[in-house]
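Before any comments, here is the structure.
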Amino acid sequence: MTGDGRPVEEFTAELLARAVFGPLGGVVETGAVNATGTWRLADVSLGDFLDGRRAEVDVVPSGRPAPSTARR
């Protein structure tokens, strides 16, 4: 049982994904704001921010280290 009395089986993959990737979106947005040097969200493009970091972003769901940080 969970803290609110629901059986653990009610926690689906979708709920887990939302719990993980929802806050991650806020972290990515904060990174995009920081990279642009502005605090005006209208001036920030998440797409532009992520385009240059595609290899890093793609490893998040895989759990593998990014190619540039892989141990050899």
Side-chain angles (χ1 to χ4, degrees):
M1 292 289 212
T2 65
D4 60 1
R6 292 183 293 163
V8 172
E9 294 81 21
E10 287 186 35
F11 287 99
T12 64
E14 181 182 348
L15 288 175
L16 179 59
R18 287 178 185 268
V20 171
F21 289 106
L24 182 60
V27 171
V28 171
E29 185 171 19
T30 301
V33 167
N34 187 45
T36 61
T38 182
W39 287 104
R40 286 181 32 99
L41 292 180
D43 296 338
V44 176
S45 169
L46 289 177
D48 289 347
F49 176 72
L50 293 173
D51 278 346
R53 294 162 177 82
R54 182 59 50 205
E56 297 171 59
V57 174
D58 287 346
V59 300
V60 172
S62 72
R64 293 186 307 263
S68 61
T69 61
R71 293 183 189 160
R72 295 185 180 180

- Value rounded to 0.5 Å, distance of CG in Leu50 from OG in Ser45: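 Those atoms lie 8.5 Å apart.
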List the atom pairs, with distances to 0.1 Å, where a side-chain N or O of residues 16-34 and a protein N or O form a donor-acceptor pair under 3.5 Å, not counting sequence neighbours.
| from | atom 1 | to | atom 2 | distance (Å) |
| --- | --- | --- | --- | --- |
| Arg18 | NE | Glu14 | OE2 | 3.2 |
| Arg18 | NH2 | Glu14 | OE2 | 3.1 |
| Thr30 | OG1 | Gly26 | O | 2.9 |

- Pick one: which of Val44, Leu41, Asp48 meets side-chain contact (heavy atoms from CB on, under 4.5 Å) with Thr36?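 With Thr36 as partner, side-chain contact (heavy atoms from CB on, under 4.5 Å) holds for just one option, Val44.
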- Query: For Asp43, what residues pass the side-chain hydrogen bond (donor to acceptor under 3.5 Å, both in side chains) criterion, not counting sequence neighbours?
  - Reply: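 side-chain hydrogen bond (donor to acceptor under 3.5 Å, both in side chains) check on Asp43 returns Arg40.
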- Task: Mind checking side-chain hydrogen bond (donor to acceptor under 3.5 Å, both in side chains) for Arg54 and listing every partner two or more places apart, or none if nothing turns up?
- Result: none
